[in-house]
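This report refers to the structure that appears directly beneath it.
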Number of protein chains: 2
Amino acid sequence: MFSKACEYGIRALTVIAKKTEDGSKVGIKDICKASNTPESFTAKILQNLAKKDIIQSQKGPSGGFYIDRDLSEISLYDIVDAIDGPSIFFGCGLGLKECDASRPCPMHDSFESVRDDMMKMCKENDLQSLITGLNKDTYQR
Amino acid sequence: MFSKACEYGIRALTVIAKKTEDGSKVGIKDICKASNTPESFTAKILQNLAKKDIIQSQKGPSGGFYIDRDLSEISLYDIVDAIDGPSIFFGCGLGLKECDASRPCPMHDSFESVRDDMMKMCKENDLQSLITGLNKDTYQR
DNA sequence: TCTATAAAAGATATTAAGGTCTTTTATTCT
DNA sequence: AGAATAAAAGACCTTAATATCTTTTATAGA
């Protein structure tokens, strides 16, 4: 459903969010250990998210990643859109460039409702809600 | 959402289904023209679907692809499962191997409902319903 | 100011998806 | 039987996603 980059990104973000809640920054190594994601690849993903201002980063000693906004303001939708782009929320199920109510593909109506559900779900979830119940084991399997 | 192979496969299948309804077989060239899919790649996909008995094929003159079952018996679920496998209907949204109600990932409940919706949609749609309203232009854009 | 630290940036490698081409096999029709 | 047709099979190529490694830049703290 989501790309690996997106799965890793979300997992890493929940770890950063949790640390941010505790009032501290966290380095890439700790993030990747906790989120169980490959280090260099995750670093690239976070670099991208920092550029898009979803997260913040600080170089040097006592540096690391953190979040300077209210966690509830960052929705899953924002995250997925930043990493995988908006096509999962808007694209045609059969890959047609033009597909709408007036010129629908055979799946159009059914697929649209699933896609809208996905979008609604992603808008409803945010980093605050995602980290409730998150614990050390969550990603260790 | 679906792979290219799956998008092409579904499109090609609707073309075959339509021809089958008219009582005739159809060759790979015509299928690909009508479904607007790359020929060699689509041939591979159909070969696979024929092996899995979703469609039938006949070699030689007056041969081609056709379907020997009731079109309403072949669901979108069967097709997606045959081409992309079942992971879209069952996989964890964050890519965890083990993720269930007892040890959920942060997205588990929300994601499960979207996934179930997708599954329901795919079980409700079948080749018969997919070809209602299908016309020559549908894929030409 | 120097050193250590940690992210950014860039180059490179690997794997899987997407796509093409050629040869072989089965079948129909003359 | 022979020729033509059309799918099957297999080899191969290209691109994008995934992943790693090295060098550079920024910053804190001694």
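Numbers restart at 1 for each chain; the letters A, B, ... are given by sequence-line order, proteins then strands. On a predicted model such as this, the values are computed, not experimentally measured, just so you know.
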Take atom [atom1] of [X] and atom [atom2] of [N], then tell me their distance rounded to the nearest Å.
X        : N       : atom1 : atom2 : value
Gln56(A) : dA8(C)  : CD    : P     : 11 Å
Arg11(A) : dT18(D) : CZ    : P     : 13 Å
Ile16(B) : dA6(D)  : CD1   : P     : 15 Å
Lys29(B) : dC21(C) : NZ    : C1'   : 13 Å
Lys4(B)  : dA16(D) : NZ    : C1'   : 13 Å
Ile83(B) : dG19(C) : CD1   : P     : 14 Å
Lys59(A) : dA7(C)  : NZ    : C1'   : 6 Å
Ile28(A) : dA8(C)  : CD1   : C1'   : 12 Å

Task: Within-4.5 Å side-chain heavy-atom neighbours: Met118(B) and Cys122(B) - done: yes
- [ ] Assign the ring pair Phe2(B) / Phe111(A) to parallel, tilted or perpendicular, where the plane angle (0 to 90°) is split at 30° and 60°.
- [x] tilted
Between [X] and [Y], do the side chains contain an N or O donor and an N or O acceptor separated by less than 3.5 Å?
X         : Y         : answer
Ser72(A)  : Asp126(A) : no
Asp116(B) : Ser113(B) : no
Ser24(B)  : Asp22(B)  : no
Glu73(B)  : Gln128(B) : no

TODO: Kindly say if Tyr8(B) contacts the phosphate of dG18(C), meaning a side-chain N or O under 4.0 Å from OP1 or OP2.
DONE: no
Open item on the list: Within residues 20-27 of chain A, which residues have any heavy atom lying less than 4.0 Å from an atom of DNA chain C?
Closed with: Val26(A), Gly27(A)
Task: Contacting residues from residues 30-49 of chain A, given that a heavy atom lies under 4.0 angstrom of DNA chain C - done: Lys44(A), Gln47(A)
TODO: Could you check Asp84(A) against Pro61(B) and say which one's nearest nucleotide on DNA chain D is further toward the 5' end?
DONE: Pro61(B)
- [ ] Identify, between Phe65(B) and Gly60(B), the residue whose nearest nucleotide on DNA chain D lies closer to the 5' end.
- [x] Gly60(B)
TODO: Measure from the side chain of Gln58(B), starting at C-beta and using heavy atoms only, and say which of dA7(C), dT18(D), dT28(C) lies closest.
DONE: dT28(C)
- [ ] State which of dC29(C), dA19(D), dA28(D) makes the closest approach to the side chain of Ser62(B).
- [x] dC29(C)
Open item on the list: One thing to verify: whether Lys4(A) and Glu7(A) come together as a salt bridge, which I'm taking to mean a side-chain N less than 4.0 angstrom from a carboxylate O.
Closed with: yes
- [ ] Identify whether the distance between the nearest side-chain nitrogen and carboxylate oxygen of Glu39(A) and Lys29(A) falls below 4.0 Å.
- [x] no
Open item on the list: Please say yes or no: joined through hydrophobic side-chain contacts below 4.5 Å, possibly via intermediate residues, are Tyr66(B) and Ile131(B) part of one cluster?
Closed with: no
